[in-house]
Number of protein chains: 2
Amino acid sequence: MNISRASDYAIRGLVYMAKKPAGAVCFVKDIAKNTNSPASFMSKIFQTLAKSGLVHSFIGTKGGFTFNARPEDITIKMVVEIIDGPIVLNRCVVNKSSCRNVGNCDVHFMWLDIQKMLTKALSSYSIADFAADKKGNMLPEAVQ
Amino acid sequence: MNISRASDYAIRGLVYMAKKPAGAVCFVKDIAKNTNSPASFMSKIFQTLAKSGLVHSFIGTKGGFTFNARPEDITIKMVVEIIDGPIVLNRCVVNKSSCRNVGNCDVHFMWLDIQKMLTKALSSYSIADFAADKKGNMLPEAVQ
DNA sequence: CTAATTGAGATAAAATTTGTCTTATATTTT
DNA sequence: AAAATATAAGACAAATTTTATCTCAATTAG
């Protein structure tokens with residue numbers, strides 16, 4: 001009943017990126033250092049984010065990552081589901097055949113309801129919401 | 001981002017018990033059979049429930065388990081936390097020292113908020129809610 | 001005493017999470 | 001054009017958690 005380290009790193013990494021000027025190319029090494037996460041792990045996480053289309057990757061010297069979507073359009077739910085997979089509170093919610101209780105037991109509907117509430121909450125936050133102090137970091141020396 | 005099989009089994013097991021007449025002694029074997037769960041696993045789960053004080057165990061022939069609390073007082077949150085441990089959506093929510101962002105980043109408060117919402121929802125359902133068809137099963141032959 | 005049942009805990013398989021290391025690729029510099 | 005460099009990509013692996021199983025001890029009813 002928690003998000004993974006990987007999702008947490010992904011969110012923090014994207015927030016770090018969102019604090020940079022729009023279009024800035026970010027290196028995994030920097031992202032990892034500034035989010036206190038293992039660089040090689042963060043590298044893999046950003047590969048997944050790139051595959052999903054959320055960010056764009058550039059290979060080679062001076063390569064790195066840029067946003068492929070606006071931070072305000074990237075919800076926490078999107079990030080968590082890209083990294084951890086679909087949010088499914090209980091097996092029976094997603095797979096009706098695995099829930100013998102559909103139709104004669106309320107457990108199914110409880111999990112469905114709570115899951116809806118949870119995903120709605122996760123959808124109500126965007127990466128941009130946590131980069132609000134962006135202006136404060138936009139001083140030339142902070143932009144680098 | 002899900003409950004464990006063990007928590008699901010525990011809830012279904014307790015609901016099964018709640019459909020029996022109050023005070024009935026239930027065998028793990030029956031509980032497991034009627035919830036489609038591995039008996040030995042269910043046995044361990046009920047040991048944990050007994051240790052928590054939610055149910056009472058009787059050893060020996062004709063032993064088994066009875067409720068130690070009213071089904072309407074046993075919330076889903078209680079069961080999940082007994083089996084899976086405390087609900088903590090993200091590491092930084094529980095352990096302030098592991099969250100470098102407390103005070104200067106909203107991620108901490110997002111997880112705190114969503115966690116509150118989730119635990120509140122889980123607390124709003126009780127085992128009794130899912131044993132509502134109890135009366136329908138109270139026919140003498142169903143009571144056994 | 002015997003059979004039935006739980007308690008406790010050792011053991012283990014499977015899956016998932018968390019991470020590292022090597023390789024491939026593109027870019028810059030020479 | 002070649003070499004050096006910085007990076008992504010992906011194979012590999014360690015650690016942890018989940019999901020069990022199995023054995024043996026304890027207890028009690030008949």
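First the proteins, then the strands, lettered A, B, ... as listed; each starts at 1.
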The contact string for nucleotides 22-30 of chain D, one letter per nucleotide 5' to 3', using protein heavy atoms under 4.0 Å with B, S and - for base, sugar-phosphate only and none, comes out as ----BBBS-
For atom CZ of B:F41 and atom P of D:dT17, their distance in whole Å:
15 Å
Counting distance only, does the side-chain N/O of B:S43 pair as donor-acceptor with the main-chain N or O of B:A39 below 3.5 Å?
no
Rounded to the nearest angstrom, tell me the gap between atom CD1 in A:I45 and atom C1' in C:dT17.
11 Å
May I have the distance from B:M42 (atom CE) to D:dA20 (atom P), rounded to whole angstrom?
11 Å
Mind calculating the distance between CD (A:Q47) and P (C:dA24) to the nearest angstrom?
15 Å
Atom-to-atom span, CG of A:D30 to P of D:dA6 - whole angstrom:
13 Å
How many whole angstroms separate atom CG of A:D84 from atom P of C:dT16?
12 Å
Is there a path of hydrophobic side-chain contacts, each under 4.5 Å between heavy atoms of I/L/V/M/F/W/Y residues, joining B:V25 to B:Y16?
no
Closest to the B:P38 side chain: D:dA8, C:dG7, D:dT21?
D:dT21
Please name the pair of heavy atoms, one in B:A50 and one in B:F65, separated by the smallest distance, quoted to 0.1 Å.
CB-CE2, 4.1 Å
Residues within residues 1-9 of chain A bordering DNA chain C, heavy-atom distance below 4.0 Å:
A:S4, A:R5, A:A6, A:Y9
Mapping B:F58 and A:F58 onto DNA chain C by nearest heavy atom, which one lands closer to the 5' end?
B:F58
Calculate, to the nearest 0.5 Å, the distance between atoms CG and CE belonging to B:L122 and A:M117 respectively.
9.5 Å
A:M1 and side chain to side chain contact (heavy atoms under 4.5 Å, CB included): which single residue from B:N2, B:I3, B:D84 fits?
B:I3
Start at the 5' end of DNA chain C and walk down; is the nucleotide closest to A:A39 or to B:F65 reached first?
B:F65
Ignoring hydrogens and angles, tell me if any N or O in the side chain of B:N68 forms a donor-acceptor pair with the backbone of B:G53 under 3.5 Å.
yes
Atom-pair distance (CZ on A:F27; P on D:dA8), nearest Å
8 Å
In whole angstrom, what separates A:I83's CD1 from C:dT16's C1'?
15 Å
Say whether, by atom type as modelled, one donor and one acceptor occur between the side chain of B:E81 and the main chain of B:I87 under 3.5 angstrom.
yes
Which distance, rounded to the nearest 0.5 Å, do you find between the CG of A:L89 and the CG of A:L112?
9.5 Å
B:I31 versus B:G13, closest heavy-atom pair with distance
CG2-CA, 3.5 Å
Please work out if B:F46 contacts a base, only the sugar-phosphate, or nothing of the nucleic acid, heavy-atom cut-off 4.0 Å.
nothing
